[in-house]
Amino acid sequence: MNLDKITKNGKALFLAYDQGMEHGPTDFDDENVDPAKILEIASSGYFTGVILQKGIAEKYFDRKKYKVPLILKLNGKTSLVKDEDPYSPQVCSVQEALDLGASAVGYTIYIGSEFESFMTAEFGKIVEEAHNKKLPVIGWMYPRGRNIENEGDPKAVAYAARVGLELGADIVKVRFSGDLDSFRWVVQSAGRARVVMMGGSKEEENVFLERVKTALSAGAIGVAVGRNVWQNERPLGMAKKIADVIWGSS
Ligand code: FBP
């Protein structure tokens with residue numbers, strides 16, 4: 001699958017903004033609660049994609065105004081249901097994503113969850129349709145649920161990456177596994193599926209940038225980051241710093 005639309009020189013920097021559904025507006029302040037402000041950040045030239053749910057895409061993603069490629073998230077859940085074993089149902093179709101101007105689609109699979117099979121089945125159908133329509137598929141591959149003791153355990157992360165490859169994901173979005181060597185194994189396990197590191201909650205700039213550097217050294221093509229950019233006091237400054245790690249300083 002051709003990834004040119006959502007990469008630059010083979011590398012990726014995606015701005016994630018689906019947290020309003022996953023976590024609730026608790027992640028936001030007066031500025032970043034406004035999707036229009038996020039789309040301005042996403043269009044700064046540093047990003048190769050912005051990740052949105054369909055409602056935000058429909059109401060805010062003006063294709064003429066925002067030049068950044070759209071990555072439509074096809075499933076989602078809230079944090080209100082406290083089931084230990086998560087299920088994230090499909091809420092948007094591949095065709096809707098295309099109609100909204102998507103250049104790629106994303107879907108979360110909680111591997112290890114009691115409901116894993118529902119998600120692998122939905123994902124399989126999505127991959128079939130998206131690939132027929134020449135649309136790349138990104139798998140948010142997250143080990144989670146009662147069977148998973150530690151979501152960041154390198155073996156669990158590598159397993160998740162591998163499942164993404166086996167199910168036909170073009171890119172797998174995974175948690176950092178803790179160090180260079182273990183993340184190399186994650187990247188190897190993903191085979192020809194490309195790897196992007198997920199962001200996580202906001203941290204010290206240097207800690208985050210160091211992790212991006214390590215992930216890239218391990219063979220990841222980039223990062224999908226949300227809070228570490230738009231919760232920063234200077235989102236564009238942080239975006240530039242991450243872009244410099246990925247593509248080299250300009
Ligand atoms: P962040 O960089 O803000 O962590 O965003 C990445 C992301 O995968 C989002 O796409 C998603 O909403 C969120 O993290 C999921 O977070 P959690 O691990 O709490 O389910």
Side-chain angles (χ1 to χ4, degrees), residues 6 12-29 31-33 35 37-38 41-42 46-57 70-89 91-92 97 102 104-113 115-116 119 137-145 148 150-153 156-157 160-161 164 169 171-177 195-205 207-209 211-212 215 220 222-232 235 238-239 241-243 245-246:
I6 52 165
L13 177 52
F14 303 141
L15 187 64
Y17 191 63
D18 58 339
Q19 293 82 353
M21 174 146 184
E22 298 293 330
H23 303 152
T26 175
D27 278 356
F28 303 144
D29 61 19
E31 280 287 303
N32 56 39
V33 72
K37 299 262 166 61
I38 299 298
I41 299 170
Y46 297 121
F47 295 94
T48 60
V50 63
I51 297 161
L52 303 175
Q53 284 281 359
K54 70 173 179 182
I56 302 234
L70 172 65
I71 298 167
L72 218 295
K73 189 74 199 307
L74 299 186
N75 68 340
K77 63 165 191 55
T78 74
S79 59
L80 299 172
V81 181
K82 300 295 178 202
D83 283 351
E84 268 189 81
D85 287 292
Y87 170 53
S88 180
V91 294
C92 180
V105 291
Y107 183 101
T108 303
I109 302 180
Y110 295 111
I111 73 152
S113 164
F115 304 107
E116 172 196 277
M119 291 172 276
V137 179
I138 305 172
W140 272 228
M141 303 305 302
Y142 293 171
R144 194 166 291 177
I148 306 295
N150 172 6
E151 294 177 16
D153 174 50
V157 180
I171 296 178
V172 293
K173 175 171 178 289
V174 293
R175 179 187 283 270
F176 184 62
S177 56
V195 174
V196 298
M197 183 185 83
M198 68 171 266
S201 52
K202 186 163 170 282
E203 291 173 291
E204 288 290 315
E205 281 190 12
V207 172
F208 186 73
L209 292 169
R211 185 172 325 130
V212 175
V223 55
V225 53
R227 290 165 287 178
N228 275 288
V229 168
W230 45 253
Q231 285 182 350
N232 191 291
M238 185 57 174
K241 286 178 191 173
I242 301 170
V245 171
I246 296 177

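Ligands are counted one by one from 1 in listed order, and the atoms in each one are counted from 1 as well. Note that the coordinates shown come from a computational prediction; the quantities given were computed from them, not determined experimentally.
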Which residue owns the protein heavy atom closest to [atom], what's the atom, and how far is it?
{"atom": "atom 10 (O) of ligand 1", "answer": "D18 OD1, 2.7 Å"}
{"atom": "atom 5 (O) of ligand 1", "answer": "Q19 NE2, 2.9 Å"}
{"atom": "atom 2 (O) of ligand 1", "answer": "G226 N, 2.8 Å"}

- Query: Where do Y46 and I41 land on the side chain to side chain contact (heavy atoms under 4.5 Å, CB included) test, with the steps shown first?
  - Reply: CA-CA 9 Å; Y46 297 121; I41 299 170; over 6 Å; no

What atoms in ligand 1 come closer than 4.0 Å to a heavy atom of [X]?
{"X": "G200", "result": "1 (P), 2 (O), 3 (O), 4 (O)"}
{"X": "K173", "result": "6 (C), 7 (C), 8 (O), 10 (O)"}
{"X": "R227", "result": "1 (P), 2 (O), 3 (O), 4 (O)"}
{"X": "E22", "result": "12 (O)"}
{"X": "G199", "result": "2 (O), 4 (O)"}
{"X": "V225", "result": "2 (O)"}

- Task: May I ask you to decide if E203's main-chain N or O and N228's side chain share a donor-acceptor pair within less than 3.5 Å?
- Result: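 Checked: pair present.
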
- Query: Just by distance, do the side chain of D27 and the backbone of Q19 share a donor-acceptor pair under 3.5 Å?
  - Reply: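 Absent.
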
- Query: Does the ring centre of F208 sit less than 6.0 Å away from the ring centre of F176?
  - Reply: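 Ring centroids of F176 and F208 are no less than 6.0 Å from each other.
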
- Message: I need the contact type for R144 against ligand 1. Using non-hydrogen atoms and a strict under-4.0 Å cut-off, is it side chain, backbone, both or neither?
- Response: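 R144 to ligand 1: side-chain contact only, backbone stays beyond 4.0 Å.
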
- For ligand 1, indicate whether the residue H23 contacts it via side chain, backbone, both or neither (heavy-atom separation under 4.0 Å).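 The answer is the side chain.
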
Any side-chain heavy-atom pair from [X] and [Y] closer than 4.5 angstrom?
{"X": "I242", "Y": "L209", "value": "yes"}
{"X": "S113", "Y": "R144", "value": "no"}
{"X": "V81", "Y": "Y87", "value": "no"}

- Query: Mind checking whether R175 has an N or O less than 3.5 Å away from an N or O of ligand 1?
  - Reply: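 N/O-N/O distance below 3.5 Å does not exist for this pair.
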
- Task: Could you grab the distance from atom NZ of K73 to atom CE of M21, nearest 0.5 Å is fine?
- Result: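 Here the interatomic distance stands at 8.5 Å.
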
- Item | K173 versus T108, side-chain donor and acceptor atoms under 3.5 Å |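 No.
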
- Message: So is Y142 touching ligand 1 or not, going by heavy atoms under 4.0 Å?
- Response: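 Within the 4.0 Å threshold, so yes.
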
